[in-house]
Amino acid sequence: MCVGTGMTLGSHLTPLARSQIEQADVVFALVPDRIAEMWLERMNPDVRSLQPYYQDGKSRMSTYRLWVELLLTEVRAGKRVCGVFYGHPGIFAWSPHKAIEAARAEGFQAHMEPGISAEDCLYADLGIDPGRYGCQHFEASQLLIYERVIDPTGYLVLWQVVLVGDMSLKRFATGPAYRQLLVDVLSRDYPLEHDIILYRAPTLPVQQAQISHIVLAELPQAKLSEEMTVVLPPMAALKPNVAMRKRLEDLDQSGAFDGKQNS
Amino acid sequence: MTDAIDLLERIGRDANLRYAATDELALLLSRAGLSEACQAAVISADMSLLAGELGETATPIFHHSINPGHEEQQQEKREDEDQEEQHEPQPDQPRPASD
């Protein structure tokens, strides 16, 4: 079982996720800070932090694989295991998906319970409805390493910008020169003076969301933390698809819609 | 005595407390019997200070990157290179019907 705590201590944990934590034989936890770990320890006496497996100079991918193996080892031993991840356990998180996939492949029952993600908080705190203009999400490095197509008529949300371009897989931050490459890519679709938003969801209930505005050109020198997300609002109006609108009108006029769904 | 963790959870799930003014929270913490240092740590959301007040001797830096993004592909690429082949990630393809 993998569950999410949500982002904010005490505010987001679902009743079902809490029950899963309380009823587990062993809990593996990856949460924002030691305070959140201590909070989980109130719910279960056997909470094991996954944080110590991160090490400078060690491939993060190796760490993610190790986490999966830690969970599976206890599952194979017949334990009821709960992996607890902050936010949503399946959003921008590799290990929970892999752990569930691996457990199922070995014949065990495995399930993921959703949690309130940083993305959910972002929509609420920034007043963004992704249905209005559309919204693309990328792990920031993907924009450098792959040829991705950005649609500047919708929102663009970039995750893990602080370590953008880390090909070593071993660092937890890169720096201004790497972020300048990201700006170079983004400047193909956005002007350098485009207003962008730096966002961090609150993890303690005495905090509020951190929201600041800068222009794109300032991103390389901006003060960013690991958990900060960069949002680029749309810079161009949606372009009507005239040809398809005409085809839709023709369909309507032809009587193709008879009022019965799925017919 | 209610401690800081219990109070944080209570603040997190109480509609009146979650967005309460600082002086209201300070009153709550004071009435709960928290030390002045612990009150200050909670109000300022200072993780290191708070952990210290809760008896933690070490407050490690917590990393937040749990998404490999390109890393899985990088790893696969390296494995492929070992086999003198290279594969970029492909979108999931529909599986052929088994019957």
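Worth knowing before you read on, the calculation uses all heavy atoms, side chains too, and leaves out hydrogens, waters and symmetry mates. Residue numbering restarts at 1 for every chain, and letters A, B, ... go by the order of the sequence lines.
- Between V206(A) and L25(B), some side-chain heavy-atom pair lies under the 4.5 Å cut-off.
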Step-by-step side-chain contact (heavy atoms from CB on, under 4.5 Å) determination, R42(A) to D3(B): CA-CA 12 Å; R42(A) 307 291 170 97; D3(B) 74 4; 2.5 Å; yes
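- Here OG1 of T8(A) is found 11.5 Å from CG of L8(B). Values are rounded to the nearest 0.5 Å.
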Verdict with supporting geometry, I5(B) and L9(A), side-chain contact (heavy atoms from CB on, under 4.5 Å): CA-CA 9 Å; I5(B) 301 289; L9(A) 189 153; 5.6 Å; no
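- If you measure heavy-atom distances from P202(A) to chain B, the contacts under 4.5 Å come from the side chain alone.
- Side-chain atoms of R18(B) do not come within 3.5 Å of backbone N or O of S11(A) as any donor-acceptor pair.
- The heavy-atom pair separating R13(B) from G10(A) by the smallest distance is CB-O, 3.3 Å.
- Summarising the local packing, CZ of F28(A) is surrounded by more than 12 heavy atoms from other residues, nucleotides or ligands at distances under 6.0 Å.
- Around atom OH of Y53(A), no more than 12 heavy atoms belonging to other residues, nucleotides or ligands sit under 6.0 Å away.
- Annotation: side chain of L204(A) is not in contact with side chain of I11(B) (no heavy-atom distance under 4.5 Å).
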